[in-house]
Each structure stands twice: as structure tokens, then as C-alpha cells.
Amino acid sequence: MYTRMNQRNLTSSQRTRFVEAVVALKRSGGYDKYVRLHAEYFAADGESGLRMAHMAPTFFPWHRQFLLVFEHELQGIDPEVTIPYWDWTADNKASSALWAADFMGGNGRDSDGQVMTGPFAYRTGSWPITYGVTDEKYLTRNMGRPDRPIALPTKAELDGALAIATYDTSPWNSAPTTQGFRNKIEGWTVSETKGGYLHNRVHQWVGGHMVGAASPNDPVFWLHHAFIDLVWARWQRLHPKSGYLPAKPLAAKDPEHGRVVSLDEPMPPFNVKPSAVMDHRKFYTYEEG
Ligand SMILES: [Cu+2]
């Protein structure tokens with residue numbers, strides 16, 4: 001059992017140890033398998049087959065398991081390291097200490113979006129982008145998307161989504177008609193041209209590699225998803241009678257049959273059921289307050 005901290009409360013030494021473990025994993029070649037795995041399971045609605053990491057009820061449990069495996073590998077490098085979370089409703093500016101040169105580094109430069117400061121800048125030599133959707137070998141960001149400006153989500157927007165008592169609804173995808181808690185938080189209820197909503201909007205706000213299937217190329221991915229994971233835990237506390245849906249496999253006549261994982265079916269590639277990761281307190285707690 002260990003604790004995930006709000007990134008703003010980390011000591012200077014904790015910031016450094018997290019960064020150093022991530023960079024060590026990158027150097028050993030272990031990091032990029034997470035980028036590849038996320039890209040492989042990204043899945044768009046239009047494709048046939050299982051939807052797993054996104055646009056599906058497994059958005060929360062799949063990412064919980066994904067973060068757990070990554071975190072355990074970091075702990076194999078430094079047993080004191082845990083994934084911090086970024087509450088983007090509070091630390092919502094490009095000037096936040098999150099983006100300082102001793103932690104995530106800053107925004108991309110205007111000319112090509114290249115991140116020039118911090119431990120993940122290309123010129124450090126320790127953060128080449130080897131798997132991605134573009135040819136760029138350097139990490140990119142484009143905070144706030146200046147050509148079509150967007151702001152990070154507010155606490156009121158987050159609280160509005162947390163108030164939704166139903167976990168997910170048919171057709172269990174990214175359609176705006178899928179109006180449960182999961183799709184509201186994931187953020188497909190607002191189009192990406194408008195910046196998306198909540199989780200998606202944060203990816204869009206950071207910009208660069210954080211947009212799209214290879215988003216774990218940017219280490220802030222883990223801090224963003226740790227907060228999404230905490231949001232799920234908060235929703236469970238707010239709605240103790242609401243469970244994961246669908247609770248049972250969908251009927252054979254359902255158009256989504258075979259495309260959606262229910263409570264007790266295994267999630268590839270982990271072979272772990274959503275029911276097995278429903279309670280995060282089996283693995284870690286969150287520092288809150
Ligand atoms: Cu995400």
C-alpha cells in the first residue's frame with residue numbers, strides 16, 4: 001500500500017525522484033512499450049472489434065490497470081516513487097509549478113512546438129520520441145491551443161459530471177447521446193473542434209504529443225490520468241449504490257455485443273476484469289484535501 005500525492009505537494013526531492021525513475025525507464029527501453037500499448041488500445045468507434053481504452057465503459061478500469069503496471073515498474077527502479085496527480089481545476093495555468101524545469105518542463109516554442117526546458121526537452125538527450133504518430137523526434141506541447149483558445153476544465157464542470165449517478169449508458173461509446181458519468185468525464189459530449197470536455201479537453205489544452213493515441217510520450221499523461229482515476233474514486237464515494245455498467249455481457253442481438261467489456265470479463269492485454277480493480281484501496285490511496 002502506498003499513497004499517490006497531489007503533484008503540488010511533492011517535495012523537491014520527490015519531484016526529482018519521479019523524473020529520474022521515468023527517465024531511467026526511458027533509457028532502458030521500457031518506457032516506450034507503454035506508448036505503444038496505449039496507441040494499440042486507443043481504438044476509434046468506427047473500427048470493428050473491442051473498444052477498450054477509450055470510447056467505452058472500460059475507460060476508467062483499463063487506465064487504472066495501465067497506470068498500476070507502469071507505477072509498479074517505476075517502483076522497481078525506485079521503491080519510493082508513486083504517480084502524482086495533477087488537479088487541473090486548481091493548477092490551471094502554464095505558469096503552474098507543474099511545468100517548472102525541475103519537473104515536467106514548459107510549453108513548446110512557437111516555431112515548432114518543441115519543449116525546450118526541463119528533463120524531457122530533446123536537447124537533454126534523455127527523451128527522444130521513438131514511437132508516435134508524427135516524425136518529430138522531440139516532445140511537443142501547445143498549451144491552450146492559441147489558434148482556437150481553450151481553458152482547462154473548471155471545478156464546476158467537474159462537479160457537474162460527478163453528480164451524474166449512472167456510470168455509463170447504451171450505446172456505450174463516444175456518441176453525445178451516451179450521457180452517463182463515463183462519457184461526460186471522458187469528454188466526447190463536446191466536439192474536439194471545440195476542445196472536447198474534461199478529460200479530452202486536458203489532452204487538447206496541453207497539445208502536441210498529448211493529443212492522440214501516442215499521448216504517453218508526454219510524461220504529464222500519467223499525472224493527468226492519476227487525477228482521472230481519483231475522480232472515479234470520488235464518484236464511487238458520492239454514489240455508493242451505483243456500480244460499473246454493463247454489469248453483464250451484452251445480449252447477442254445488441255449491436256454493441258462483443259465490442260464492450262462488462263464487469264466480470266477480462267480486459268486485454270492485462271487479463272484483469274473491471275471488477276478486480278474497482279476498489280483502488282487494494283493497491284494505493286490518494287492524498288486528498
Ligand atoms: Cu487520456
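All values below come from the heavy atoms of this structure, side chains included, with hydrogens, waters and symmetry mates left out. Just so you know, ligand 1 is whichever comes first in the structure, and atom 1 is the first atom listed for that ligand.
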**OP:** Answer yes if the ring centres of W222 and F66 are under 6.0 angstrom apart, and no otherwise.
**Re:** yes
**OP:** From the options T82, D229, N6, T3, select the one residue that forms a side chain to side chain donor-acceptor pair (under 3.5 Å) with Y286.
**Re:** D229
**OP:** Could you check which N/O/S atom of H203 is closest to the Cu ion (ligand 1)?
**Re:** NE2
Subject >> Presence of N, O or S from H225 under 2.8 Å of the Cu ion (ligand 1) >> reply: yes
**OP:** Classify the ring geometry between F60 and F181 as parallel (under 30°), tilted (30 to 60°) or perpendicular (over 60°).
**Re:** parallel
**OP:** Rounded to the nearest 0.5 Å, what's the gap from CG on L152 to OG1 on T89? Could you check?
**Re:** 9.5 Å
Subject >> N, O or S from H224 under 2.8 Å to the Cu ion (ligand 1) >> reply: no
**OP:** Examine all N, O or S atoms of H63, backbone included, and report whether one is under 2.8 Å from the Cu ion (ligand 1).
**Re:** no
